[in-house]
Every structure is written in C-alpha cells, then in structure tokens.
Amino acid sequence: MSKLAAEDKFIDLSDYGRPIAKLFAHRLKNTRWTPIHVTLLFGVSGLIAIYCILKEAYFYAGFFLILKSIIDAADGELARIKNTPSYTGRYLDSVFDIILNFLILMSICYVSKTNIWLTLLAFIGIQLQGTLYNYYYVILRNKSVGGDVTSKIFEYKSPRALPGESQKSVDILFCIYTIVYGTFDKIIHTLDQEAYKVKTFPHWFMTCLSIYGLGFQLLIIAIMLPLNLIEYIVPFFIIYTLFIFVLIGIRKAIFKT
C-alpha cells in the first residue's frame, strides 16, 4: 500500500531518501529483519551523528544525519512490502524522532555555546514545523483513495492493535506519543481547526509544505555543519518557524473548507 493514491502524489522535498530506502527495504524483504529493526537502526545512525557533532566531526555528522533520514523511510517501506503495518512501528518511529531531534539540538548547543533557551525555542519551532507538515499530509493521506491510513488526523485514543502486534505495546507507545507530541498537535490544530474539512491540497502547496518535513530539516543541518555555520543553526530554525503562519494563511485564504 502506498501512502498516497497516484493522483495525490507530489514532489516531497523532505523525502529525498525514498529511492535508496526502497532498494534497502527490498533487499530485506526475504530476511528476518522487521520494520522495528530498521527503526532501531535509524536510531543508531542518529546517535552516531550526535557523537560526531560532539567530536566536531561535522562532515561525518552530516553524513549520518542524511543516512538516518534514508533509513527512517526504509522502515515504512519494509512494512508495506511485507504487508505488516503496525501502530507499534508508527509510534516508535515518532518517539525516536523527537528524542533524536532534542539531542541533536542539545549537542549543537553544547559545541557552539548557543544560548540554551534559544536552543529550546528552536526545538519547539522544529517540532511545530514537523507537526504542521504531518497534519496536512495525514489529512491528504486519509482522504486519498487507497492511501495509507495508519496515521490518524486526530489521535485521541489508543487504536486497536493490528495483527502481529501487542495491544499493550500499542497502548504504552500511544501514551508516550501523546505526552511528547500532544501539545504540538493541539497548537497546530488550534491554529487551523478547519483544515481537515478541505477535500484535497494541490501538489504545489504540499511541495512547499515539505520544507518542514523532518528529512529536509536534517538536510539543512547536515549542510550547515560542514560549512562551519553551526552558530547559525539555532537562529535559523527559530526564524524558519515563522513561515508556519504564512503557510496556514495560504491554506485559509485559498483552500476553503
């Protein structure tokens, strides 16, 4: 199952690793590797990137950040290839992402001696950016005929476990997910409460929105690090967050519910 029906697919600037991820997933198709194993692997890649930042090996840090993005796409691809979608994998993936995002920015803060409060503000900004992207993307996925609906627009209660996964694991991970993402979801939903009523979003709008996807965010960091722009990463993402209001404004002005 694809995430989107063919007519709803758009150029996703944050999903540059998808072609390699598909090849990787196909190589694992007939092995004992599961999507959860791949999720754990992208966590390892993220931790290596953090270690490289702390050691000021910025080129290698950038490499492992991009590798993390590629592997991050591979777990979902493997789940679709093996026809083993799971809420466990969906929530574990998201929880790993927010933990790694926090640690990446904290390591940048430590090495660059950036103000910790500004770093926390940048972290909040990055999460709001990603939440806006996911909010509109999940709306599109749920309205797309034949699209993937593992992710829900509004996640108020723990979903029923799918075949092959434990309900207890789903419940625990859902609880963790709502704790770490709940506030960001509420903020974005409050800013655009009517977005879910829109029938669809045009390709150009979704492509513009994809600059807020996690893959593109990590790509920006991966480029800035070896260019010795580490001191500007935190200020950049704070300013970058302001475009949230521009995108929401465009949605409300042009794409009526």
Side-chain angles (χ1 to χ4, degrees), residues 1-4 9 11-55 57-108 126-127 129-131 133-134 137-138 141 148 150-151 164-165 169 173 176-177 180-181 210-226:
M1 178 187 290
S2 175
K3 285 187 176 183
L4 293 169
K9 290 182 178 179
I11 298 174
D12 189 340
L13 300 177
S14 72
D15 203 26
Y16 50 84
R18 185 69 54 180
I20 300 176
K22 286 183 177 180
L23 292 175
F24 182 45
H26 276 284
R27 294 296 295 268
L28 299 177
K29 179 180 180 180
N30 298 316
T31 70
R32 294 183 178 181
W33 278 69
T34 69
I36 299 297
H37 292 144
V38 179
T39 299
L40 295 173
L41 186 60
F42 91 60
V44 171
S45 182
L47 290 175
I48 294 174
I50 291 165
Y51 175 79
C52 290
I53 292 172
L54 293 174
K55 291 296 183 179
Y58 297 143
F59 175 83
Y60 293 106
F63 171 81
F64 282 104
L65 286 176
I66 293 174
L67 180 62
K68 184 264 184 191
S69 294
I70 294 172
I71 301 174
D72 196 357
D75 55 3
E77 286 296 332
L78 186 60
R80 283 183 282 277
I81 290 171
K82 290 193 172 188
N83 195 25
T84 56
S86 73
Y87 289 108
T88 301
R90 178 255 188 276
Y91 293 130
L92 186 64
D93 186 299
S94 296
V95 170
F96 271 21
D97 277 337
I98 195 169
I99 291 173
L100 289 172
N101 285 351
F102 179 78
L103 293 177
I104 288 167
L105 283 178
M106 287 299 108
S107 64
I108 289 172
I126 282 177
Q127 294 309 129
Q129 294 165 27
T131 300
Y133 168 72
N134 289 327
Y137 192 18
V138 171
R141 285 165 62 176
D148 176 19
T150 304
S151 298
E165 62 178 343
S169 296
L173 284 168
I176 296 172
Y177 173 86
V180 297
Y181 281 100
S210 69
I211 64 171
Y212 276 164
L214 179 57
F216 199 76
Q217 292 170 332
L218 293 180
L219 178 62
I220 291 172
I221 296 174
I223 292 173
M224 293 182 76
L225 283 173

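Sequence positions, counted from 1, serve as the residue numbers for this chain.
In terms of the side chain to side chain donor-acceptor pair (under 3.5 Å) criterion, residue partners of Ser94 (sequence neighbours excluded) are, by chain and number, Arg90. Applying the ring pair (Phe, Tyr, Trp, His ring centres under 6.0 Å) criterion to Tyr181, with sequence neighbours excluded, gives Tyr177. In this structure Ile48 satisfies the side chain to side chain contact (heavy atoms under 4.5 Å, CB included) test together with Val44, Cys52, Phe64, sequence neighbours excluded. Evaluation of the salt bridge (Lys or Arg N to Asp or Glu O under 4.0 Å) rule for Glu77 yields Arg18, Arg80 as partners, not counting sequence neighbours. Residues that satisfy the ring pair (Phe, Tyr, Trp, His ring centres under 6.0 Å) test with Tyr60, not counting sequence neighbours, are absent from this structure.
Rounding to the nearest 0.5 angstrom, the gap separating the OG1 atom in Thr39 from the CG atom in Leu92 is 5.5 Å. Between the CD1 atom of Ile50 and the CG atom of Leu105 there is a distance of 9.5 Å, given to the nearest 0.5 Å. The structure places CD1 of Ile99 at 9.5 Å from CG of Leu47, a figure rounded to the nearest 0.5 Å. Rounded to the nearest 0.5 Å, atoms CG (Asp75) and OG1 (Thr34) are 9.5 Å apart. Of the inter-residue distances, the one linking Leu28 atom CG with His26 atom NE2 reads 10.5 Å to the nearest 0.5 angstrom. Once rounded to the nearest 0.5 Å, the distance linking CG of Leu103 with CD1 of Ile53 reads 10.0 Å.
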Criterion side chain to side chain contact (heavy atoms under 4.5 Å, CB included) on Asp15 and Phe216, from CA distance to verdict: CA-CA 8 Å; Asp15 203 26; Phe216 199 76; over 6 Å; no

Check the pair Leu65, Ile104 against side chain to side chain contact (heavy atoms under 4.5 Å, CB included), reporting the backbone distance first and the verdict last. CA-CA 10 Å; Leu65 286 176; Ile104 288 167; 3.5 Å; yes

Between Gln129 and Tyr133, does a side chain to side chain contact (heavy atoms under 4.5 Å, CB included) hold up when you go through it step by step? CA-CA 6 Å; Gln129 294 165 27; Tyr133 168 72; over 6 Å; no

Before you tell me yes or no, could you show the steps for Asp93 and Phe42 under side chain to side chain contact (heavy atoms under 4.5 Å, CB included), namely the whole-Å CA-CA distance, both residues' side-chain angles and the distance that decides it to 0.1 Å? CA-CA 9 Å; Asp93 186 299; Phe42 91 60; 3.5 Å; yes

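Scanning all heavy atoms of the two residues, the minimum distance from Leu13 to Ser210 falls at N-OG, 2.9 Å. In terms of heavy atoms, Gly213 sits closest to Ser14 at CA-CB, 3.6 Å. Among all heavy-atom pairs drawn from Ala25 and Ala74, the shortest one is CB-O, 4.0 Å.
Atom CZ of Phe102 is surrounded by 12 or fewer heavy atoms from other residues, nucleotides or ligands within 6.0 Å. More than 12 heavy atoms of other residues, nucleotides or ligands sit less than 6.0 Å from atom NZ of Lys82.
Taking the side chain as every heavy atom from C-beta outward, Ile126 and Tyr212 never approach each other to under 4.5 Å. Asp97 places a side-chain heavy atom less than 4.5 Å from the side chain of Lys68. A 4.5 Å side-chain heavy-atom check between Leu173 and Tyr87 finds every atom pair outside the cut-off.
Ring orientation note: the planes of His37 and Trp33 are nearly perpendicular, at an angle over 60° on the 30°/60° scale.
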Report all side-chain donor-acceptor pairs from residues 218-225 shorter than 3.5 Å, counting only partners two or more places apart or in another chain.
none

